[in-house]
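Below is one structure, written out as structure tokens, with a few remarks after it.
In what follows, every heavy atom counts, from backbone to side chain, and hydrogens, waters and symmetry copies are set aside. The sequence lines fix the lettering, A, B, ..., with proteins before strands; numbering per chain opens at 1. These numbers were taken from a predicted model, which means no experiment stands behind them.
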Amino acid sequence: MDNGTAMISVEGLSKWFGPFAALKDIDLKVDRGEKIVICGPSGSGKSTLVRCLNGLEDHQSGRITVAGLEVMNDRRRLEQVRLKVGMVFQNFNLFPQMTVLRNLTVGQTWILRKSQRDAEALAFEYLEKVRIPEQAHKYPSQLSGGQQQRVAIARSLCMQPEVMLFDEPTSALDPEMVKEVLGTMTELAGSGMTMVCVTHEMGFARQVADRIVFMDEGRIVEEAPPAQFFQAPRSRRAATFLKQVLQHHTAMAEA
Amino acid sequence: MTYDFQFGYIVDTMPALLDGLLITIEVSVISIAISVVIGIVGAAIRLFEIPVLSQVVGGYVHFIRSTPLLPQIYFVFYGFSGLGLQLSTFWSGVLALSLWGGAYNIENVRGGFLAVSKGLREAAGSLAFRPIHYLWLVALPLGVRISLPTMLNTAVSVLKNSAYLQAIGLAELTFVAMDRVALDFRILEMFAAIGVLYLGIVLILSLFVRRLEGVLQRPFRTS
């Protein structure tokens with residue numbers, strides 16, 4: 001059943017939106033505890049790929065296995081998969097009518113059937129980890145973007161997933177809040193979580209990733225450890241992309 | 001020639017009017033409650049696109065909205081008994097108004113559900129919520145909040161439309177007033193009286209909904 005140490009295995013994955021091929025024959029293996037950063041120009045299919053991993057998008061051909069379960073377009077199967085896979089979105093997607101604490105406990109009590117007391121204990125544990133226990137009784141709209149995203153990370157972790165997916169978690173944040181969210185993600189990486197992150201934060205990628213996956217036009221163009229990827233990208237497309245991203249970062253730093 | 005407006009007449013007929021008002025309130029409150037339930041269940045069926053049921057709900061909404069209420073009331077009162085369903089005048093009225101308001105509430109609530117961001121549905125899905133969890137924990141509290149003003153509209157319409165039930169002989173407020181008019185011809189007194197009474201209960205209903213909106217808005221106030 002368990003494919004060696006592979007937590008995620010993608011074989012020959014293709015996906016179309018109508019006539020548009022969003023993903024073309026993707027192969028990817030992620031080992032338990034590995035941290036992968038997926039980058040690439042906009043429209044390259046990186047978000048679509050991570051969204052396929054927990055079945056938010058279905059796929060037309062190929063095989064995806066996550067934590068020993070094949071991802072199939074079947075409601076029960078998707079529920080099983082999603083119990084093992086946490087996801088963090090660009091727009092946080094916290095439940096606005098619930099307090100921070102309830103955002104963290106609602107899944108535990110309703111889905112995992114834990115007692116309110118146990119759920120709250122775990123919620124506070126993770127709120128401590130993301131450093132906002134004092135915000136527990138506020139509503140999401142009362143928090144900054146960075147705080148909301150850290151709550152969203154904690155909410156996912158409260159379900160005790162085996163894999164965490166991040167879909168551009170800092171893209172909607174003001175620059176000064178990017179750092180606190182990346183800090184939380186770096187600490188999570190240190191705890192041994194298997195992570196797949198779509199992000200343009202190359203500093204984070206360099207520091208945390210075991211492997212960089214570079215995508216363009218629905219294909220994986222290059223896969224390499226960060227040191228190799230940043231110093232000597234093999235493909236021209238990756239080289240151009242890196243130049244653009246790094247120029248942007250330099251410009252930001254000088255501004 | 002001036003009309004001799006007699007307040008005393010209103011005072012004299014008030015007990016009868018209040019009996020009618022009580023019937024109006026009873027039939028309306030029950031119908032509004034049932035129509036809200038129909039609205040939520042129907043909108044949920046459409047939200048999750050449950051096969052067959054979703055089409056049935058769509059057809060029902062279309063039918064109710066495309067035909068006049070009065071024949072609908074007659075149909076329930078006379079037609080259903082022909083089909084073997086024996087209902088009292090009161091419960092025929094409740095059924096007709098509930099079916100009518102329910103159709104509108106399905107559209108009201110559905111609009112609210114559609115206004116809940118797609119991202120929240122994905123977040124719920126990612127937390128392994130089942131559709132019923134999403135409905136109960138996310139779509140309902142957020143969607144109903146959004147559709148509350150239109151649901152109030154429908155509730156007020158149900159209340160006012162209860163006056164049509166005089167057609168099947170339900171002794172609600174308008175029926176009582178028309179009855180007195182036929183007896184005593186004190187037209188202005190009677191219409192002034194029921195005008196004030198209808199205004200009063202609609203006002204109370206509106207205040208209640210505004211209170212509810214205030215409670216539901218609490219999480220969205222910043223700071």
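Within the 4.5 angstrom heavy-atom criterion, atoms from both the backbone and the side chain of B:Arg130 approach chain A. Contacts between A:Leu94 and chain B at a heavy-atom distance below 4.5 Å involve the backbone alone (N, CA, C, O). Looking at A:Arg155, the atoms closer than 4.5 Å to chain B (heavy atoms on both sides) sit in the backbone and in the side chain alike. For a residue to count as touching a neighbouring chain, one of its non-hydrogen atoms must lie under 4.5 Å from one of that chain's; by this rule A:Asn54 touches chain B with the side chain only. Only the side chain of A:Leu56 comes within less than 4.5 Å of a heavy atom of chain B; its backbone N, CA, C and O stay farther away.
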Checklist entry - So A:Arg63 and A:Glu70, salt bridge (Lys or Arg N to Asp or Glu O under 4.0 Å) or not? Walk me through it. => result CA-CA 7 Å; A:Arg63 208 178 130 90; A:Glu70 187 177 351; 3.0 Å; yes
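For the options A:Met87, A:Glu79, A:Gln97, heavy-atom pairs under 4.5 Å to chain B are most numerous at A:Gln97. Contact tally against chain B (heavy-atom pairs below 4.5 Å) for A:Gln90, A:Arg51, A:Lys138: the top residue is A:Arg51. Contact tally against chain B (heavy-atom pairs below 4.5 Å) for A:Pro96, A:Gly107, A:Pro140: the top residue is A:Pro96.
In this structure, the ring of B:Phe129 has its center less than 6.0 angstrom from the ring center of A:Phe95. Aromatic rings of A:Phe20 and A:Trp16 (six-membered ring for Trp) have centroids beyond the 6.0 Å cut-off, not under it.
Between A:Thr199 and A:Phe166 there is no side-chain heavy-atom pair separated by less than 4.5 Å.
A:Gln147 and A:Arg150 form no side-chain donor-acceptor contact under 3.5 Å, judged by distance and modelled atom types alone. Using a 3.5 Å distance cut-off with no hydrogens or angles, the side chains of B:Tyr198 and B:Thr174 do pair a donor with an acceptor.
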